Amino acid sequence: MDSDEHKRVLDPEHDTAALKALTHPLRIRLLGLLRQGGPATASELAARTGESSASASYHLRVLAKYAFIAEAEHRDGRERRWRALHTMTSWSNEAMESSEVGRAFVSLARRRQLEHLESSLARHEADMAGGRLGQEWVESSGISDLMPRLTAGSLTELWETIAGKLEELTARDADDPRAEHVVLLTAGLPLAAHHREDEDRQGGEGVDPPGREDADLHGREGGAHEGAS
């Protein structure tokens, strides 16, 4: 396992057992909740996921066994509290593609992120409607589904540009009281050429958010997955 203070890097050759442990929807969700919300007990996480405390406790122990989480400082002596050990999980797509367990993990993680996007959209809309977010967020928020033609090298360059700019802006806004958590999910999924009639049936229009002329790219999941899930 290669790791630092903020990132858990998974290698399918050396982390097979850890990958298998994480290839479970509830464990991915529990890990994401700890990363986003901070330390919590099994009972608190069970209430948020609709699971029993016993089930949540079991899956938390599995995550702890493979060093995704650890015990946190207890508020009292009654129930164990857990904390995430890293803020993100990273991996190489190429390395993951070489093993069955790696492919299964990546597929599950991607689908979990789509679920995260759907739930985040619902929460965003509710927060805007409820006045919990100010009007300054109306213009900057949105989702796009652009389909540019790029080479593999250009797509890699795009990922690196986004990551670099995101790091710069996150550091700049770290102590700004106006900053909020932003769900940033990007997808770069090349599609093989197909007949025009198929394209017409499937759609594929580039849709920009109202008032935007540039692509609104929301976070990276792939060949290095860096996110809360």
Side-chain angles (χ1 to χ4, degrees), residues 5-7 25-53 55-56 59-60 63 68-69 72-76 79 81-89 108-146 162-187 206-221 225-229:
E5 183 181 356
H6 302 292
K7 183 187 296 186
L26 179 57
R27 289 173 199 158
I28 290 179
R29 188 176 182 193
L30 291 171
L31 180 57
L33 288 172
L34 289 174
R35 286 176 172 175
Q36 293 172 20
T41 66
S43 296
E44 291 167 343
L45 294 169
R48 296 181 65 180
T49 59
E51 296 288 326
S52 68
S53 294
S55 175
H59 290 295
L60 288 166
L63 289 171
F68 291 103
I69 67 174
E73 182 179 349
H74 293 201
R75 291 177 179 170
D76 53 48
E79 187 172 5
R81 293 178 63 78
W82 299 97
R83 64 181 177 88
L85 289 174
H86 307 89
T87 59
M88 62 183 67
T89 304
L108 176 64
R110 289 174 172 175
R111 281 155 180 77
R112 176 68 189 105
Q113 286 178 315
L114 292 177
E115 294 170 5
H116 185 208
L117 176 60
E118 186 174 7
S119 63
S120 297
L121 174 59
R123 177 176 170 181
H124 165 75
E125 291 174 338
D127 285 344
M128 291 299 299
R132 291 180 291 276
L133 289 172
Q135 289 299 301
E136 69 272 16
W137 292 101
V138 171
E139 188 71 10
S140 60
S141 61
I143 300 173
S144 66
D145 64 346
L146 303 182
I162 294 170
K165 189 64 177 179
L166 179 59
E167 183 177 359
E168 172 193 334
L169 296 177
T170 300
R172 188 183 73 183
D173 293 349
D175 299 320
D176 193 325
R178 299 170 300 173
E180 301 282 3
H181 283 293
V182 175
V183 175
L184 196 64
L185 180 67
T186 53
V207 179
D208 279 330
R212 297 292 299 277
E213 294 181 355
D214 58 333
D216 192 9
L217 301 174
H218 289 278
R220 187 176 186 190
E221 168 277 322
H225 168 71
E226 298 185 350
S229 59

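Please read all numbers here as calculations on a predicted model, not as lab measurements.
At least one donor-acceptor pair closer than 3.5 Å links the side chain of T87 to the backbone N or O of H6. Under the 3.5 Å distance criterion, the side-chain polar atoms of R132 are matched with a main-chain donor or acceptor of A126.
For R83, the CZ atom sits in a packed shell: over 12 heavy atoms of surrounding residues, nucleotides or ligands are nearer than 6.0 Å. Counting non-hydrogen atoms of other residues, nucleotides and ligands closer than 6.0 Å to CZ of R123 gives a total of 12 or fewer. The environment of CG in D176 is crowded: more than 12 heavy-atom neighbours from other residues, nucleotides or ligands sit within 6.0 Å. Counted within 6.0 Å of CD on E136, heavy atoms from surrounding residues, nucleotides or ligands total more than 12; the atom is thus considered enclosed.
Atom CG of L33 and atom CD1 of I28 lie 12.0 Å apart (nearest 0.5 Å). Between the NE2 atom in H116 and the CZ atom in R29 there is a gap of 10.0 Å [rounded to 0.5 Å]. Annotation: the span from R112 atom CZ to L117 atom CG amounts to 11.0 Å, rounded to 0.5 Å. Note: H86 NE2 to K7 NZ = 11.0 Å, rounded to the nearest 0.5 Å. In this structure, CG in L26 is found 5.5 Å from OG1 in T49, a value given to the nearest 0.5 Å. We find the CG-NE2 distance between L31 and H59 to be 13.5 Å, quoted to the nearest 0.5 Å.
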L63 and L34: CA distance, side-chain angles, deciding distance, side chain to side chain contact (heavy atoms under 4.5 Å, CB included) verdict = CA-CA 11 Å; L63 289 171; L34 289 174; 5.6 Å; no
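Nearest heavy-atom pair across A42 and E79 is N-OE2, 3.6 Å.
Looking at W137 and E180, their side chains come closer than 4.5 Å, going by heavy atoms from C-beta outward. Looking at heavy atoms from C-beta onward, I69 lies out of side-chain contact with L30 at the 4.5 angstrom threshold.
The residue from R81, E44, E73 that alone fulfils the side-chain contact (heavy atoms from CB on, under 4.5 Å) condition with P39 is R81.
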